[in-house]
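The structure appears right after this line, and notes come after that.
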Amino acid sequence: MINQLKSIKNMKNRLIVLALLGVLGILYGCRQSSVKALIPGTYVSHSRGEFALASDTLVVGAAKGNVYPILCKTGYQVLVGGKAGNQEWDSERWTGIWDEGRQVMQEQRKGRLIRFEVDSGRLVIGRRVYQKVDK
C-alpha cells in the first residue's frame, strides 16, 4: 500500500512538472511571436550634443522570411554659438536579419545588433534608444 501511495505521488509530481513546462512553453512562444509582431513599424530617437541636434527615424518594413528592410532617416542641425543652423537630411537603406534563437536583429552593413523591447515598444541599437510611434 505504501508503494502504491509513493507511485501515485510520483505520478502526480510528474504531471505537475509537465503542466508547468507546457505553460512555460506557451508563454515563451507568445513572447517570441509578440517580438516579431512588434518589429515592423516606425521608430524615432532625438538627441542633443555639444555641436548638433539630431533626430533619427527608422522605418522597419515587413519581413521576407527573416530579412527586414530598414530605412534610416537622419535630420540634424549644427549648433553655432548655441543656435541651431539649417536642417540637413541624410538617409540610408539597411538590411536586418532576425536571429530567432538570440532574439536580436543584425544590421548587415556595419554588423550592428538591434534589440526590441516588447513591453515598452522600443528598439535599441547600442546605447541609442528609439521609441515606436505607430502601433
Side-chain angles (χ1 to χ4, degrees):
M1 177 114 167
I2 293 177
N3 286 338
Q4 287 178 329
L5 289 175
K6 285 182 182 179
S7 177
I8 291 172
K9 186 176 180 181
N10 285 339
M11 187 181 302
K12 185 177 177 183
N13 287 342
R14 286 182 189 154
L15 287 174
I16 290 172
V17 168
L18 287 174
L20 286 173
L21 289 174
V23 169
L24 290 174
I26 290 169
L27 291 174
Y28 180 72
C30 291
R31 175 104 173 128
Q32 285 185 327
S33 64
S34 63
V35 171
K36 288 194 83 167
L38 170 76
I39 292 173
T42 302
Y43 300 83
V44 296
S45 176
H46 304 285
S47 63
R48 179 185 182 100
E50 186 178 347
F51 303 107
L53 301 172
S55 177
D56 287 345
T57 302
L58 297 179
V59 181
V60 181
K64 291 184 181 164
N66 65 338
V67 179
Y68 289 83
I70 303 169
L71 176 61
C72 175
K73 299 184 283 188
T74 301
Y76 57 92
Q77 293 175 285
V78 175
L79 296 175
V80 179
K83 294 187 180 188
N86 292 335
Q87 182 84 30
E88 301 286 333
W89 293 96
D90 191 19
S91 66
E92 298 177 341
R93 293 198 180 276
W94 301 349
T95 299
I97 307 293
W98 178 249
D99 183 331
E100 189 71 37
R102 292 173 38 208
Q103 293 286 291
V104 296
M105 183 180 292
Q106 185 164 16
E107 182 273 328
Q108 295 303 288
R109 195 164 46 100
K110 294 185 179 177
R112 294 175 272 223
L113 291 179
I114 302 171
R115 187 171 41 90
F116 295 88
E117 297 177 349
V118 176
D119 297 338
S120 60
R122 299 189 312 179
L123 176 158
V124 180
I125 303 174
R127 295 187 313 194
R128 188 87 185 218
V129 177
Y130 296 78
Q131 184 64 50
K132 190 167 188 178
V133 293
D134 56 4
K135 300 293 176 192

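Start at 1 with the first residue, then count along the sequence. Because only heavy atoms are used, hydrogens play no part in the values below, and waters and symmetry mates are left out as well, while side chains stay in.
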> Would a 4.5 Å heavy-atom cut-off, applied to side chains only, mark Leu79 and Phe51 as touching?
Replying inline: no
> Among all residues two or more places apart in sequence or in another chain, which pass the salt bridge (Lys or Arg N to Asp or Glu O under 4.0 Å) test with Arg102?
Replying inline: Asp99
> What heavy-atom pair brings Gln77 and Gly85 nearest, and what distance separates the two atoms?
Replying inline: NE2-O, 3.0 Å
>> Once salt bridge (Lys or Arg N to Asp or Glu O under 4.0 Å) is applied, what residue pairs with a partner in residues 66-90 remain, sequence neighbours excluded?
In response: none
> Given a cutoff of under 4.5 Å between side-chain heavy atoms of I, L, V, M, F, W and Y, with clusters grown through shared members, what are the other residues clustered with Trp89?
Replying inline: none
>> When you group the ILVMFWY residues by side-chain heavy-atom contacts below 4.5 Å and let the links chain together, are Val35 and Leu123 in the same group?
In response: yes
>> Check for me, please, whether Tyr43 and Trp94 land in the same ILVMFWY cluster - side-chain distances under 4.5 Å, paths through other members count.
In response: yes
May I have the list of side-chain donor-acceptor pairs in residues 52-72 shorter than 3.5 Å, sequence neighbours left out?
from	atom 1	to	atom 2	distance (Å)
Ser55	OG	His46	ND1	3.1
Asp56	OD1	Thr74	OG1	3.0
Asp56	OD2	Arg128	NH2	3.2
Asp56	OD2	Tyr130	OH	3.3
Asn66	ND2	Trp98	O	3.2

> Could you state the interatomic distance from CZ (Phe116) to CD (Gln103), rounded to the nearest 0.5 Å?
Replying inline: 10.5 Å
> In Å, rounded to the nearest 0.5 Å, how long is the span from CG of Leu38 to CZ of Arg122?
Replying inline: 11.5 Å
> Got a sec, which residues hit side-chain hydrogen bond (donor to acceptor under 3.5 Å, both in side chains) with Arg115, two or more places apart in sequence or on another chain?
Replying inline: Glu117
Output a table of donor-acceptor pairs, distance under 3.5 Å, between side-chain atoms of residues 106-114 and any protein atom two or more places apart or on a different chain; print 'none' if there are none.
from	atom 1	to	atom 2	distance (Å)
Gln106	NE2	Gly111	O	3.3
Glu107	OE1	Lys110	N	2.9
Glu107	OE1	Gly111	N	3.4
Glu107	OE1	Arg112	NE	3.3
Glu107	OE2	Arg109	N	2.8
Glu107	OE2	Lys110	N	3.4
Gln108	NE2	Gln106	O	2.9
Arg109	NH2	Glu92	OE1	2.8
Arg109	NH2	Glu92	OE2	3.4

